[in-house]
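What follows is a set of notes on a single structure, which appears directly below.
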Amino acid sequence: MKKVIIIAMLLTVLSLCLLSTGICFADETEKTSSLYYFEKTQATPQLALRAGADNDERVLIYIPHSYAFEKLEEPTGSFVKVRYNSLEGYIQTNEFNSNCKQVNDKWGSNPYAYNLNFEIEAAEPILYNTTDLSPIEELRPKKSNIVCNNIYGFFTKNNEVYFLVNLTISVIPGVTLDSINYYIKLSDTSIASTFKVETIPVNNGYIAQTTPDKNPDDEIDSGDNVPPVNDDTSPTRNPKNSLDRYIMIAVIAVLCVVIIVLIFIPNRKKS
């Protein structure tokens with residue numbers, strides 16, 4: 001009977017060891033494999049996201065330095081398909097290989113958005129569609145009815161700069177369009193006279209990843225909004241010690257002690 005108990009407990013310990021391995025290494029195994037960030041160089045100061053896999057296709061947006069995007073397909077030719085925030089498009093494969101690096105766990109809660117202390121100045125700014133860049137004439141809200149949540153990037157067209165902005169809009173009393181992405185013109189904003197690409201703040205996750213003396217356990221917060229992805233899992237994770245792993249280790253230790261005691265306690269002889 002004692003042998004049966006020992007064998008059962010050994011199997012239990014083995015199962016717990018395998019389970020605890022999964023818990024202890026969860027932070028390392030759950031790293032995002034498809035999220036990359038753009039690091040500018042003198043040769044490539046900005047990363048163009050194009051509507052199609054061709055240099056003649058229009059630029060949807062320029063992905064700013066240090067901000068992340070999702071790789072959707074492996075590079076198979078001159079272009080690779082990616083998603084930056086809600087926009088799917090193509091970037092040049094040679095720029096991806098030369099200027100883009102994989103994001104790690106320390107990137108923060110929102111790798112896409114940045115803050116330019118942005119205010120809308122036009123009394124009734126024109127909003128532009130994210131699909132075909134056409135002006136939305138039927139929606140001309142007053143600036144007092146618009147809340148700018150996040151700015152995701154910019155692009156240029158006919159020497160005009162446009163921002164991709166996430167907005168909350170009060171259309172009429174009781175009707176609110178929440179968390180909608182539109183383009184707006186730089187000329188309709190408070191930074192029209194001062195904006196330069198160099199003024200875009202660096203992502204907090206980038207600072208954490210590229211600073212050697214940064215504590216890897218520090219919580220990095222680069223935005224309070226959930227990154228806009230199409231599934232239920234966050235594309236970034238912050239590593240932290242888990243209480244579960246300590247409980248699991250304690251249980252395994254107790255079971256090992258019990259097994260040792262059972263092995264060395266002599267069997268009672270029947271009278």
Side-chain angles (χ1 to χ4, degrees), residues 35 48-52 57-64 67-70 72 81-90 107-158 160-195 197 199-201 203-205 221-236:
L35 208 63
L49 179 68
R50 297 185 178 275
E57 293 283 350
R58 66 183 175 89
V59 175
L60 296 174
I61 207 167
Y62 292 103
I63 299 175
Y67 288 84
F69 60 88
E70 186 180 1
L72 299 180
K81 189 176 183 180
V82 304
R83 180 190 295 118
Y84 174 71
N85 188 42
S86 60
L87 295 179
E88 292 187 8
Y90 296 83
W107 211 255
S109 60
N110 195 343
Y112 306 96
Y114 56 85
N115 179 16
L116 287 175
N117 296 317
F118 191 95
E119 295 290 340
I120 297 173
E121 289 294 302
E124 294 184 0
I126 299 176
L127 307 178
Y128 297 86
N129 232 310
T130 57
T131 53
D132 58 5
L133 308 179
S134 60
I136 307 173
E137 296 292 350
E138 65 272 17
L139 184 61
R140 294 290 296 272
K142 295 180 179 179
K143 68 175 184 178
S144 59
N145 294 334
I146 301 175
V147 176
C148 180
N149 302 318
N150 278 315
I151 307 169
Y152 294 118
F154 70 97
F155 81 103
T156 56
K157 178 183 178 184
N158 299 329
E160 285 271 14
V161 176
Y162 296 78
F163 285 112
L164 177 63
V165 183
N166 182 264
L167 304 172
T168 297
I169 304 172
S170 299
V171 183
I172 57 175
V175 178
T176 301
L177 301 179
D178 190 28
S179 194
I180 305 295
N181 291 350
Y182 290 117
Y183 289 117
I184 61 173
K185 277 187 178 182
L186 169 65
S187 56
D188 288 341
T189 73
S190 58
I191 57 174
S193 60
T194 58
F195 173 74
V197 178
T199 63
I200 298 175
N203 187 284
N204 286 338
D221 180 16
S222 58
D224 295 329
N225 298 291
V226 178
V229 293
N230 293 333
D231 54 35
D232 294 330
T233 59
S234 172
T236 57

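What you see is a predicted model, and the numbers here were worked out from it, not measured in a lab. Values below: every heavy atom of this structure, side chains too, minus hydrogens, waters and symmetry copies.
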*Tell me the salt bridge (charged side-chain N to carboxylate O under 4.0 Å, His left out) pairs involving residues 179-192, sequence neighbours left out?*
Glu160-Lys185

*Can you name the residues that form a ring pair (Phe, Tyr, Trp, His ring centres under 6.0 Å) with Tyr162, not counting sequence neighbours?*
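Residues passing ring pair (Phe, Tyr, Trp, His ring centres under 6.0 Å) with Tyr162: Tyr128, Phe155.
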
_Checking Phe195 now: which residues fulfil ring pair (Phe, Tyr, Trp, His ring centres under 6.0 Å) with it, not counting sequence neighbours?_
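Here the qualifying residues are Phe154, Phe163.
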
_Suppose we screen for salt bridge (charged side-chain N to carboxylate O under 4.0 Å, His left out). Which residues come up paired with Glu119, at least two apart in sequence or across chains?_
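Partners of Glu119 by the salt bridge (charged side-chain N to carboxylate O under 4.0 Å, His left out) criterion come out as none, since no residue qualifies.
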
*For Arg140, what residues pass the salt bridge (charged side-chain N to carboxylate O under 4.0 Å, His left out) criterion, not counting sequence neighbours?*
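Once residues adjacent in sequence are excluded, the partners of Arg140 under the salt bridge (charged side-chain N to carboxylate O under 4.0 Å, His left out) criterion are Glu137.
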
What heavy-atom pair brings [X] and [Y] nearest, and what distance separates the two atoms?
X: Leu167; Y: Cys148; result: CD2-CA, 3.9 Å
X: Pro141; Y: Pro125; result: O-CD, 3.5 Å
X: Val59; Y: Arg50; result: CG2-NH1, 3.5 Å
X: Leu186; Y: Ala192; result: O-CB, 3.4 Å
X: Ala68; Y: Leu35; result: CB-CG, 4.0 Å

*State which residues pass side chain to side chain contact (heavy atoms under 4.5 Å, CB included) with Tyr90; sequence neighbours excluded, sorted by chain then number.*
Ala53, Phe79, Lys81

*Inspect the surroundings of NZ in Lys142 and state if more than 12 heavy atoms from other residues, nucleotides or ligands are less than 6.0 Å away.*
no

Let me confirm one number: the [atom1]-[atom2] distance from [X] to [Y], rounded to the nearest 0.5 Å.
X: Leu116; Y: Ile151; atom1: CG; atom2: CD1; answer: 4.5 Å
X: Lys143; Y: Thr189; atom1: NZ; atom2: OG1; answer: 11.5 Å
X: Leu139; Y: Leu127; atom1: CG; atom2: CG; answer: 5.5 Å
X: Ile184; Y: Ile146; atom1: CD1; atom2: CD1; answer: 7.5 Å
X: Thr130; Y: Asn181; atom1: OG1; atom2: CG; answer: 6.5 Å
X: Ser134; Y: Ile126; atom1: OG; atom2: CD1; answer: 11.5 Å

Tabulate below the donor-acceptor pairs under 3.5 Å that side-chain atoms of residues 169-179 make, not counting sequence neighbours, or state none.
unit_1: Asp178; atom_1: OD1; unit_2: Thr168; atom_2: OG1; d: 2.9
unit_1: Ser179; atom_1: OG; unit_2: Asn166; atom_2: ND2; d: 3.2

*Please walk me through it: do Leu60 and Tyr183 pass side-chain contact (heavy atoms from CB on, under 4.5 Å)?*
CA-CA 10 Å; Leu60 296 174; Tyr183 289 117; 4.3 Å; yes

*Val197 vs Tyr62 side-chain heavy atoms within contact, under 4.5 Å*: no

*Report the residues that fulfil side chain to side chain donor-acceptor pair (under 3.5 Å) with Thr194, sequence neighbours left out, ordered by chain and then residue number.*
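Once residues adjacent in sequence are excluded, Thr194 has no partner under the side chain to side chain donor-acceptor pair (under 3.5 Å) criterion.
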
*Take Asn203 and Tyr114, measure what side-chain contact (heavy atoms from CB on, under 4.5 Å) needs, and give me the verdict at the end.*
CA-CA 7 Å; Asn203 187 284; Tyr114 56 85; over 6 Å; no

